Trainee: 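One structure is given below, represented as structure tokens, and several questions about it will come after.
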Amino acid sequence: MFSVTRLIHFCYGHRLLDYEGKCKHPHGHNGRIEITIETKGLDARGMVMDFGDIKKHVQSWVDEELDHKMLLNARDPLVEILRTLGEPVVTLEGNPTAENIAKHIFEYARGKKLPVSAVRLWETENSFAEYRAAP
């Protein structure tokens, strides 16, 4: 197998419901995504995928849909309040943990028919979560 990985940086806010640590309060992160594309063979150019194509398909979506947005659980009472105030909010079905955000990005890329094998979301410089394709 061949693979390529592109790094994507973005900023986001979130909070976790039903959680007793610091993350129960709204706060922000400077996140880093590693998106890995994997194929058995190379294309006619000798590539898995051009890095520019990953940028065009995924980074542009992250920049538009996730960067500088508040990511919240769909049942968080802050959703309606922030939207009423005109603040940009993105909702997830569960808590916006690093794990669920990585899965959200993975599913978007798969929906665009990209052969993504893994998405790793670095929430801090010391901690990341990864969502991978099922074997």
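Note that the structure is a prediction, hence the values are computed from the model and not measured. Index from 1, following the sequence. Heavy atoms only: backbone and side chains are in, while hydrogens, waters and symmetry mates are out.
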Trainee: Can you spot which of L16, I101, L72 makes a side chain to side chain contact (heavy atoms under 4.5 Å, CB included) with N95?
Mentor: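 Answer to the side chain to side chain contact (heavy atoms under 4.5 Å, CB included) test with N95 among L16, I101, L72: L16.
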Trainee: Nearest 0.5 Å please: distance from the NE2 atom of H9 over to the CG atom of N30.
Mentor: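 One finds 10.0 Å between NE2 of H9 and CG of N30.
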Trainee: Is there side-chain contact between V119 and E130, with at least one heavy-atom pair below 4.5 Å?
Mentor: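 The answer is no, as the side chains (C-beta and beyond) never meet within the 4.5 Å cut-off.
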Trainee: Within the side chain of H57, is there an N or O that forms a donor-acceptor pair under 3.5 Å with the backbone of K55?
Mentor: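 Checking the backbone N and O of K55 against the side chain of H57, no donor-acceptor pair under 3.5 Å is found.
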Trainee: Compute the ring centroids of Y12 and H29, then answer whether they are less than 6.0 Å apart.
Mentor: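 They qualify: ring centres under 6.0 Å apart.
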Trainee: Under 6.0 Å between ring centres: does that hold for F106 and H104?
Mentor: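 So the answer is no for these two rings.
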Trainee: I want to check a possible cation-pi pair here: R6 against F51, using under 6.0 Å from ring centre and within 45° of the ring axis as the test.
Mentor: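 No cation-pi geometry.
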Trainee: Between K103 and E107, is there a salt bridge with N-O shorter than 4.0 Å?
Mentor: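 K103 and E107: salt-bridged.
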Trainee: With distance as the sole test, does D67 use its side chain to make a donor-acceptor pair with the main-chain N or O of C11 at under 3.5 Å?
Mentor: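 Looks like yes, one N/O pair under 3.5 Å.
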Trainee: If we check side chain to side chain contact (heavy atoms under 4.5 Å, CB included) with I105, which of these qualifies: N100, L66, V116?
Mentor: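 The residue from N100, L66, V116 that satisfies side chain to side chain contact (heavy atoms under 4.5 Å, CB included) with I105 turns out to be L66.
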Trainee: Under a 3.5 Å distance rule, please check whether T84 uses its side chain to pair with a backbone N or O of E80 as donor and acceptor.
Mentor: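 Judged by distance alone, yes, a pair lies under 3.5 Å.
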Trainee: Answer yes or no: is there an ion pair linking E65 with K69, defined by an N-O contact shorter than 4.0 Å?
Mentor: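 No salt bridge links E65 with K69.
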